[in-house]
Q: 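One structure is given below, represented as structure tokens, and several questions about it will come after.
Each ligand, and each atom within it, is numbered from 1 in the order the structure gives.
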Amino acid sequence: MCGIVGYTGGRAALDVVLDGLERLEYRGYDSAGITVQAAGGLATGKRAGKLVNLRKALADDPLPEAAVGIGHTRWATHGGPTDLNAHPHLDDDRRVAVVHNGIIENFAALRSELAARGHVLRSETDTEVVAHLLGEVFAGDLAEAMRVVCRRLEGAFTLVAVHADQPGVVVGARRNSPLVVGRGAGENFLASDVAAFIAFTREAVELGQDQVVELRADGVSVTDFQGRPAVVREYHVDWDASAAEKGGYDYFMLKEIAEQPKAVADTLLGRIGTDGQLTMGELALELGPVEKVVIVACGTAYHAGAIAKYAIEHWTRLPCEVEVASEFRYRDPILDRRTLVIAISQSGETMDTLMALRHAREQGAKVLAICNTNGSTIPRESDAVLYTHAGPEVAVASTKAFLTQLVACYLIALHLGQVRGTAPDPAGLVGQLCAAPAQVGRVLHTMEPVRALARSLADAHAVLFLGRHVGYPVALEGALKLKELAYMHAEGFAAGELKHGPIALIEDGLPVIVVVPSPRGHSVLHEKIVSNIQEIRARGARTIVIAEEGDHAVAPYADHLIRIPATHGLLQPLVATVPLQVFACELATAKGHEVDQPRNLAKSVTVE
Ligand code: F6R
């Protein structure tokens, strides 16, 4: 949700910042802007729409050469996506420029106060108040001005600013919103995400809550909002720039779908010993007293949690609740020190999930994060973390992160089951998990008919998804992918619920995708879903059936049959989700949509 870049060093700041913004565009693409600190003062360019619009504008009307700059790519909250509302925002004298991610909740009061003191606020944004406040309090030290201003702000924010009267200096601040420092030789970077500077340095510094950072070409200093020196964590980024490139694919999403066998293998790596035993040293939590598991997450990560519930309850015999994080803390959930809360988040910055985990910890629960982003807020604030090691996920629609979240959930469930002595045949299950990368790879090699089917359905007005057991959250995930990418009406249902209402939606030719449970693991469920397929077919539905190899019972009722490898029933989502990702991606492409950057969305949702 908004991407921010800051640079000071010896390179052309304009190029560094534009390059960084391009890598952060997945965070928001409503407008883009940049300010450079040049010899004659600050110079700014900004445009509504994608970064390409800004690039065109700057080609026609270039900014002066400079070695210091800040930039922003926006996901609009306050004020529409216009040139005027695009960041950076400047004060009346145009001496200070600021970019912002988050929401300043007391901006209306600050705005009235500033207007009463004669300031002219030109945009509709909450951000602009910060520029005017910084301009008012600046007395030669931008970091000190930032500390003073931050103490007055309420809400969630990352701010990055430059001042014309303090050459070579970029200042950042963060509260509840991401900001990382990239340390180079004779140059330093600030960004919402390491992807922005990974082409220049892999040495990063994680900033803590309520901290202000002053960046010069030759040094970085960090304090809290009161000006006391702060302790920060330095780390090395374990992937390089090529991991964040398209690598020959037309879209990041296609690349990330294709990367799934490796991503799944990387999540397993180091967590299973040569003897087939789990080695989960990261789970430095006392699990013995756990009496209940609660999973909180949003969107696709929530679907991973919804699948995990089946495995956790089956393998550990502990009750497990799953809840969308945005609902969780507002209903006064029952939590105590015997509750293990699992927060699942690819980005580690999703505000709803962060707030849910904070609430859980306040109630005494232990929180275990499943996360893909090293140094992000959710793992930092959790009691333990299991990183998924999926590598950077750039496409807005989550794919490889989902599969790796599932693997992490299975590992946790198995580990808990082992600790409690409740997991049936843990060694067999570990063996089946280890087969997953190859099985996902096999699915990927058989996707051409799925792509052809997707293209043929580009004009469909709706698609329904049905599943039972773990196939139900898979159906929800398939529907979510189609909604966000193809902008189509898509709904996922528990197949057993069909008769309780949704069957009224079935009409002639309506495509319905059915995820069929394994006939070996769940013979009763299998029989029931075969009946469900017959029921919808009798009412005119066009049935698209995802069923495991060797499942012959479904074939007579499938207008289209998509085969997946036979797996343990609980692990089936690892292979059954892949055709749904491919289907949504291809259908969206056929409709001419921007697959990596669907309308109205942003990858990392850092506001509630
Ligand atoms: C859908 C999607 C979103 C995210 C959700 C949570 O494809 O990507 O639904 O899954 O916004 O994001 P994280 O996992 O970063 O907390």
Q: Give me the residue, atom name and distance of the protein heavy atom closest to atom 15 (O) of ligand 1.
A: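 For atom 15 (O) of ligand 1, the nearest protein heavy atom is Ser347 OG, 2.7 Å.
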Q: With a 4.0 Å cut-off on heavy atoms, does Glu349 reach ligand 1?
A: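 Contact check Glu349 vs ligand 1: negative.
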Q: Can you tell me which portion of Glu484 lies within the under-4.0 Å heavy-atom range of ligand 1? Options are side chain, backbone, both, or neither.
A: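 Glu484 to ligand 1: side-chain contact only, backbone stays beyond 4.0 Å.
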Q: Would you mind running through ligand 1 and noting each atom that sits below 4.0 Å from a heavy atom of Ser345?
A: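 By the 4.0 Å cutoff, the relevant atoms are 13 (P), 14 (O), 15 (O), 16 (O).
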Q: Return the residue, atom name and 0.1 Å-rounded distance of the protein heavy atom closest to atom 12 (O) of ligand 1.
A: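 For atom 12 (O) of ligand 1, the nearest protein heavy atom is Thr350 OG1, 3.5 Å.
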Q: Do NZ/NE/NH1/NH2 and the carboxylate oxygens of Glu321 and Lys292 come within less than 4.0 Å?
A: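 A salt bridge is present here (some side-chain N lies under 4.0 Å from a carboxylate O).
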Q: Phe189 vs Phe200 aromatic rings, parallel, tilted or perpendicular, using cut-offs 30° and 60°?
A: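 Answer is parallel, since the angle falls under 30°.
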Q: Could you list which atoms of ligand 1 come closer than 4.0 Å to a heavy atom of Ala301?
A: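 This gives 10 (O), 14 (O) as the contact atoms.
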Q: Might you point out which heavy atoms bring Glu245 and Arg23 nearest each other, and give the distance in Å?
A: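 Taking Glu245 first and Arg23 second, the nearest heavy atoms are OE2-NH2, 3.0 Å.
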Q: If I apply the N/O under 3.5 Å rule, does Val396 come out as touching ligand 1?
A: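 So ligand 1 has an N or O lying under 3.5 Å from an N or O of Val396.
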Q: Using the side chain to side chain contact (heavy atoms under 4.5 Å, CB included) criterion, which residues pair with Ala384? Sequence neighbours excluded.
A: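 If we apply the side chain to side chain contact (heavy atoms under 4.5 Å, CB included) test to Ala384, skipping adjacent residues, the hits are Leu285, Leu368.
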Q: Regarding Glu393 and Ser398, do their side chains bring together a donor and an acceptor under 3.5 Å, going by distance alone?
A: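 Side chains of Glu393 and Ser398: pair found under 3.5 Å.
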Q: Could you tell me whether the side chain of Ile546 reaches within less than 4.5 Å of the side chain of Leu580, counting heavy atoms only?
A: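 They are in side-chain contact.
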Q: How far is atom 5 (C) of ligand 1 from its nearest protein heavy atom, and which residue and atom name does that atom have?
A: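 Sorting protein heavy atoms by distance from atom 5 (C) of ligand 1 puts Cys298 O, 3.5 Å first.
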Q: Can you pull out the closest protein heavy atom to atom 14 (O) of ligand 1? Residue, atom name and distance to 0.1 Å, please.
A: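 I find the closest protein heavy atom is Gln346 N, 2.6 Å.
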Q: Check ligand 1 against Gly299 and write out every atom of the ligand that is under 4.0 Å from a heavy-atom position of the residue.
A: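 Atoms satisfying the 4.0 Å criterion: 9 (O).
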Q: Counting heavy atoms only, which of Leu354, Ile344, Thr300, Thr373 is nearest atom 1 (C) of ligand 1?
A: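 Of the listed residues, Thr300 has the closest heavy atom.
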Q: For His593, check ring-ring contact (aromatic ring centres under 6.0 Å, His included) against everything at least two apart and list the hits.
A: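 For His593 the ring-ring contact (aromatic ring centres under 6.0 Å, His included) partners, ignoring immediate neighbours, are Tyr487.
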Q: Any nitrogen or oxygen of Ser398, side chain or backbone, less than 3.5 Å from one on ligand 1?
A: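 Checking ligand 1 against Ser398, an N or O pair does fall under 3.5 Å apart.
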Q: Side-chain contact, heavy-atom cut-off 4.5 Å: His469 with Leu570?
A: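 Yes, their side chains come closer than 4.5 Å.
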Q: May I ask you to decide if the ring planes of His78 and Phe107 are parallel, tilted or perpendicular, using 30° and 60° as cut-offs?
A: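 Ring orientation, 0 to 90° scale: perpendicular.
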Q: Is it true that a side-chain atom of Asp596 and a backbone atom of Val396 form a donor plus acceptor pair closer than 3.5 Å?
A: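 No, Asp596 side chain to Val396 backbone: no donor-acceptor pair under 3.5 Å.
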Q: Which residue and non-hydrogen atom of the protein lie closest to atom 11 (O) of ligand 1, and at what distance in Å?
A: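 Scanning the protein heavy atoms, the shortest distance from atom 11 (O) of ligand 1 goes to Val605 CG2, 4.2 Å.
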Q: Can you tell me if Thr399 has a non-hydrogen atom under 4.0 Å from ligand 1?
A: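 No heavy atom of Thr399 comes that close to ligand 1.
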Q: I need the atoms of ligand 1 closer than 4.0 Å to a non-hydrogen atom of Lys481, numbered in the order shown.
A: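 Near Lys481, meaning under 4.0 Å from one of its heavy atoms, ligand 1 has 1 (C), 7 (O).
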